[in-house]
There are 2 protein chains.
Amino acid sequence: MSVGRETRLSAWIERLAAHFAEEGIPLIGGRILGYLLVCEPVERTAAELAQELEASSGSISTNLKFLVNAGLVTKRTRRGRQAAEYRVDEKRWADMVQRRLDALVSVRDLTESGMRLLSGDPQRAHRLRTVDQLYTWLADELPPLWERRPTPPK
Amino acid sequence: MSVGRETRLSAWIERLAAHFAEEGIPLIGGRILGYLLVCEPVERTAAELAQELEASSGSISTNLKFLVNAGLVTKRTRRGRQAAEYRVDEKRWADMVQRRLDALVSVRDLTESGMRLLSGDPQRAHRLRTVDQLYTWLADELPPLWERRPTPPK
DNA sequence: CTATGGCTTCAGTGTTGACCGAAACCAAGG
DNA sequence: CCTTGGTTTCGGTCAACACTGAAGCCATAG
């Protein structure tokens, strides 16, 4: 006996949330993201999310604020509707990825200033130089590659 | 009146540790890494690290175990020496970076399986498709780029 | 075999952060 | 102005984790 699509999607949402939990995004925040990526219709109110994800209204509020602030979710209010509607802004997903790449590349600033402190003692700088060269290569390669990324039309 | 190089290096170590703390590496672990990158001579015992970094022997032990396990630090024991000596293995730093890139790319497995669940409903899959295309591009580009990385001679 | 120095283990402490649920707050509608 | 439905704020709980320091463990030296 096979399980329904919605059940599978629940499991999928949970896996996605677990992945991002490891990267520092709260579990409920990850669930919201996953749910908003696949729900129909695309917009949901905070109350609907609380019920669907079985989370407290407080947690939903906190995490929605976080996601809106990160740009991944947009909030829309409408005249005549007391409830705000939330939806993912899938286009902004790239921003999040870019932030992660930037974090990697930014280590180069550290290795670079470390190398300056050790200038005049190449012997002692040897270990740090190896690391610095790696990050210098990353800093040279990643940003241009990122720029060549195909942006979705429309 | 200017401060000495060792003082500056202490501050540098602290900045490095702070950076990696944000990425989930314990503060003391980060300090050990930074210190082992620039200390002279290159090898230190756990006791020396504890004194130099003003941390408890327990913390040093735990974090050294963690770093050795991650491959970033190697432990060496010598006949006639009761104290083991630790040093950074700067070559292995690339492994850590690769793990981070892999974590990014691995999201593609999630988006891919999500797309499968939504096959047959392209309308509903639209948001996820946008995200999936981004990670597909990353999965196509990053591994080959990484392979082209110049590995240090010697 | 005993003593010594150093490393690791472990129980305990303090802190951080996610989460909950109730209370306060804020429209919009009667 | 009061009510209603919804959202945000806030105090409190709980679990996870970094860190400490003391006790235990090992290996070496005498």
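We use all heavy atoms of the structure for the numbers below, so side chains are in, but hydrogens, waters and symmetry mates are not. Note on naming: letters A, B, ... go to the chains in the order of the sequence lines (proteins, then strands), and numbering restarts at 1 for each one.
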> Quick one: does A:W93's side chain get under 4.5 Å of B:T130's, heavy atoms only?
no
> Can you find a heavy atom in the side chain of A:L104 that is under 4.5 Å from one in the side chain of B:L101?
yes
> Please give me every residue in residues 10-17 of chain A whose heavy atoms get under 4.0 Å of an atom in DNA chain D, ordered by residue number.
none
> May I ask you to verify if any side-chain N or O of B:K65 is less than 4.0 angstrom from the OP1 or OP2 atom of C:dT9?
yes
> Do A:L118 and B:L9 have side-chain heavy atoms sitting under 4.5 Å apart?
yes
> Can you give the first and last nucleotides of DNA chain D, 5' to 3', that have an atom under 4.0 Å from a heavy atom of chain A?
D:dG6 to D:dT9
> Start with the C-alpha gap between B:E6 and A:R124, add the side-chain angles, then the distance that decides, and say whether salt bridge (charged side-chain N to carboxylate O under 4.0 Å, His left out) holds.
CA-CA 13 Å; B:E6 298 309 318; A:R124 186 172 175 187; 3.2 Å; yes
> Find the runs of at least 3 consecutive base pairs, i with j, i+1 with j-1 and so on, that include DNA chain C, using Watson-Crick or G-U wobble geometry with both distances under 3.5 Å.
C:1-30 with D:1-30
> Starting at the 5' end of nucleotides 15-30 of chain C, put B wherever the base has a protein heavy atom under 4.0 Å, S where only the sugar-phosphate does, and a dash everywhere else.
---SSBBB------S-
> If we only count heavy atoms from C-beta on, is the B:S113 to A:R8 side-chain gap below 4.5 Å?
no
> Going by an N to O cut-off under 4.0 Å, is there a salt bridge joining B:E14 and B:R31?
yes
> May I ask you to list the residues of residues 42-52 of chain A, by number, that have any heavy atom positioned under 4.0 Å from an atom of DNA chain D?
A:T45, A:A46, A:A47
> Is there side-chain contact between A:L138 and A:R108, with at least one heavy-atom pair below 4.5 Å?
no
> Establish, with yes or no, whether the OP1 or OP2 oxygen of C:dG6 is under 4.0 angstrom from a side-chain nitrogen or oxygen of B:K75.
no
> Does the pair B:E90/A:R127 count as a salt bridge with the N-to-O cut at 4.0 Å?
no
> Checking side-chain hydrogen bond (donor to acceptor under 3.5 Å, both in side chains) for the pair A:R76/A:Y86: CA distance, chi angles, key distance, verdict?
CA-CA 6 Å; A:R76 182 169 69 148; A:Y86 298 90; over 6 Å; no
> Looking for any heavy atom pair under 4.0 Å, which part of the strands does B:Y86 touch: base, sugar-phosphate only, or nothing?
sugar-phosphate
> Taking the side chain as C-beta and beyond, is there a heavy-atom pair between B:L37 and A:V131 under 4.5 Å?
yes
> With a 4.5 Å heavy-atom cut-off, do A:L145 and B:W137 have their side chains touching?
yes
> Between A:L33, A:I32, A:D89, which is the residue that forms a side chain to side chain contact (heavy atoms under 4.5 Å, CB included) with A:L72?
A:L33
> Is the closest basic N to carboxylate O distance between A:E23 and A:R100 below 4.0 Å?
yes
> Would you please name every residue forming a side chain to side chain donor-acceptor pair (under 3.5 Å) with B:R116, sequence neighbours left out?
none
> Among A:R92, A:K91, A:R99, which one satisfies salt bridge (charged side-chain N to carboxylate O under 4.0 Å, His left out) with A:D95?
A:R92
